[in-house]
Amino acid sequence: MADLLTAPKGTYDILPEQQPLRRWVIAIAEDVFTRYGYRRIDTPMFEDTRLFLRGIGEATDIVRKEMYTFTDLGGRSITLRPEGTAPVARAYVEHGMHTLPQPVKLYYHSPMFRYESPQAGRYRQHYQLGVEAFGSSAPELDAEVIGLLATLYRELGLRQVELRLNSMGCKECRPGYSKALRSYLSQNFDGLCAECRERTRLNPLRTFDCKVEGCRGLLADAPRLPDYLCAPCRGHHERVKACLELQELQYVDDHTLVRGLDYYTRTTFEFQCSLLGAQSGIGGGGRYDDLVATIGGPPVPGVGFGTGVERILLALERSGVQGPRPASPVVYLVALAESARSAVFRLAHELRQAGICADLDYVERSPKGQMKQAGRSGARYAFILGEEELATGVLTVRDLTTGEEQRLDAAAAGKLARAAARQASTAFTE
RNA sequence: GUGAACGUAGCUCAGUUGGCAGAGCACUGGGUUGUGGCCCCAGCGGUCGCGGGUUCGAGUCCCGUCGUUCACCCCA
């Protein structure tokens, strides 16, 4: 026990009993994504490190201290994917998707890797569901992406979800704001915490995340991003809001909402769920009109989001949402005598070939033990074989829901099992 | 990276001022020569995270270390 190996820090096993709820969430997500016209893409779990350096931005926390980067045996610098947008953008460029009818709408469900300190809802490997739409700068697309995510949360039955919205401006107007903010921060440098002094130099917009009392006070009087937006950005933002209202979506304007990835332009948004505790962000994203060009592609705009599967599951559990019941066998086979084991094994094979889910004992349990397993397995019927049945060529078929028993030949028993299997599968799809 | 709390059976947890390692659940068998769920009985299962120290004696006290959890930070 002393040297027992465990899952690496910040990782976890997804156990059989946890699978149904997770698979249900993913199935609903894929249904919603498909309904909005998005198609699935899978990209490698690791990429050339330069993709993330250029795409996410070298000043971000993700790139500076959270990437799993290593040199492979060929001397290449490789990084485990920390987020989904840059890899999908890379695939878009690499496969010439800018020549397809635009926009190109893609979705993914993939593990992400970040070297973080684990806590509730935060892991070193976590799964994200996300969408990316390339090739249109229409504000309707921003609003659609946001509406799509809101629809997903609603169909999952999540409660207490709030949408926060901001515009980050574009490369025309944001530099002017950054300059004004940096200048304001520099004038009040003595009142800032050590970290915000660093942020002033690297990425002044991030100071809005600071929770230190003194910094918050100073930032309350800081220049506001909305006052610096250029006319096109302002118009875009107004149209996004109008389209949110067309979808009857509530949102909170938050001009301090700055996300941790440098590629965002114009729209940024984040859904927060108060059921989650400290890691309240359940999903977020925005527009990234310069990303594709930054990683070496044509100047193609885009917009998308990522949402954390573990945080959705956590919120669902705290909302009391139950997953679907795990599948049970239709038939459990019981050998009452040692001499019946071969016939039972043979019968299990035949049932399975006929498409019926059947299970049996493999550890030489007593008859009572086998019946106990049959009951626990959730099977509809126990097919019982002992010396009497072997001699007369029939099966004892016990209906485990009613306890009634009858003697049937193999053909009649198979018919019964097929009927029960059909019933079980229709119950599942409903 | 920083701080706090917690590490005892597969799981959830008791364990008094330091004095024989416990319970419930789960698992296996029996109670019924060939029959599940409920009940009863029995069994299986532990280097008390790991390493040092104090002590006649440490699960218990001290130090270190690793891990988990929560929070900061950041994000999904």
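Sequence lines set the chain letters: A, B, ... in the order given, protein chains first and strands last, and positions in each chain run from 1.
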Which part of the nucleic acid, if any, lies within contact of [X], taking any heavy atom under 4.0 Å across all strands shown: a base, the sugar-phosphate backbone alone, or nothing?
| X | answer |
| --- | --- |
| A:Tyr123 | base |
| A:Ile282 | sugar-phosphate |
| A:Lys9 | sugar-phosphate |
| A:Leu261 | sugar-phosphate |
| A:Gln272 | nothing |
| A:Gly284 | sugar-phosphate |
| A:Arg398 | base |

Base of [N], side chain of [X] - is there a donor-acceptor contact under 3.5 Å?
| X | N | value |
| --- | --- | --- |
| A:Gln370 | B:U35 | no |
| A:Gln119 | B:C73 | yes |
| A:Gln373 | B:G37 | no |
| A:Arg122 | B:C73 | yes |
| A:Arg365 | B:G29 | no |
| A:Lys368 | B:G31 | yes |

Would you mind telling me which of [options] lies closest to the side-chain atoms of [X]?
| X | options | result |
| --- | --- | --- |
| A:Ala278 | B:A71, B:G29, B:G34 | B:A71 |
| A:Arg114 | B:G1, B:U35, B:A76 | B:A76 |
| A:Ser117 | B:G36, B:G34, B:G1 | B:G1 |
| A:Met371 | B:A76, B:G29, B:U35 | B:U35 |
| A:Gln279 | B:G36, B:C72, B:U35 | B:C72 |
| A:Arg311 | B:A71, B:G36, B:A76 | B:A76 |
| A:Ala120 | B:G1, B:C70, B:G34 | B:C70 |
| A:Pro118 | B:U69, B:G36, B:A76 | B:U69 |
| A:Glu405 | B:U35, B:A76, B:U2 | B:U35 |

How far does the [atom1] atom of [N] sit from the matching atom of [M], given to the nearest Å?
| N | M | atom1 | result |
| --- | --- | --- | --- |
| B:G7 | B:U12 | C1' | 14 Å |
| B:G45 | B:A76 | C1' | 40 Å |
| B:A42 | B:U17 | C1' | 37 Å |
| B:G46 | B:C20 | C1' | 15 Å |
| B:G31 | B:U47 | P | 33 Å |
| B:U65 | B:A9 | C1' | 25 Å |
| B:A14 | B:G57 | P | 29 Å |
| B:U8 | B:C44 | P | 23 Å |

> Counting just side-chain N and O atoms, does A:Arg64 come under 4.0 Å of either OP1 or OP2 of B:C73?
Replying inline: no
> Side-chain N or O of A:Ser366 less than 4.0 angstrom from OP1 or OP2 on B:G30?
Replying inline: yes
> How about A:Tyr184 and A:Pro223: do any of their side-chain heavy atoms sit closer than 4.5 Å?
Replying inline: yes
> Going by heavy atoms in the side chains, are A:Arg22 and A:Leu313 under 4.5 Å from each other?
Replying inline: yes
Once you apply the 3.5 Å cut-off to both distances, tell me the Watson-Crick or G-U wobble partner of [N], or none.
| N | answer |
| --- | --- |
| B:U55 | none |
| B:U60 | none |
| B:A76 | none |
| B:A4 | B:U69 |
| B:C38 | none |
| B:C13 | B:G22 |

Expressed as a whole number of angstroms, how long is the span from [X]:[atom1] to [N]:[atom2]?
| X | N | atom1 | atom2 | result |
| --- | --- | --- | --- | --- |
| A:Glu116 | B:U2 | CD | C1' | 15 Å |
| A:Leu336 | B:U35 | CG | C1' | 7 Å |
| A:Glu17 | B:G10 | CD | P | 16 Å |
| A:Glu388 | B:U35 | CD | P | 12 Å |
| A:Tyr108 | B:A76 | OH | P | 9 Å |
| A:Glu310 | B:U69 | CD | C1' | 17 Å |
| A:Gln125 | B:A76 | CD | P | 16 Å |

> Checking ring-ring contact (aromatic ring centres under 6.0 Å, His included) for the pair A:Phe33/A:Tyr38: CA distance, chi angles, key distance, verdict?
Replying inline: CA-CA 5 Å; A:Phe33 295 164; A:Tyr38 290 75; 7.1 Å; no
> Taking for each residue the nucleotide of RNA chain B with the nearest heavy atom, is it A:Glu364 or A:Thr402 whose nucleotide lies nearer the 5' end?
Replying inline: A:Glu364
> How do A:Gly403 and A:Thr11 order along RNA chain B: which one's closest nucleotide is nearer the 5' end?
Replying inline: A:Gly403
First locate atom [atom1] of [X], then atom [atom2] of [Y], and finally report the distance between them rounded to the nearest 0.5 Å.
| X | Y | atom1 | atom2 | value |
| --- | --- | --- | --- | --- |
| A:Leu360 | A:Leu347 | CG | CG | 9.5 Å |
| A:Arg54 | A:Thr294 | CZ | OG1 | 10.0 Å |
| A:Leu163 | A:Phe271 | CG | CZ | 4.5 Å |

> In terms of side-chain heavy atoms, does A:Tyr12 have a donor or acceptor partner in A:Glu310 at a distance below 3.5 Å?
Replying inline: yes
> Do the side-chain N and O atoms of A:Glu30 and A:Tyr107 include a donor-acceptor pair separated by under 3.5 angstrom?
Replying inline: yes
> Honestly, is A:Arg124 close enough over A:Tyr115, meaning NZ or CZ under 6.0 Å from the six-membered ring centre and within 45° of the axis?
Replying inline: yes
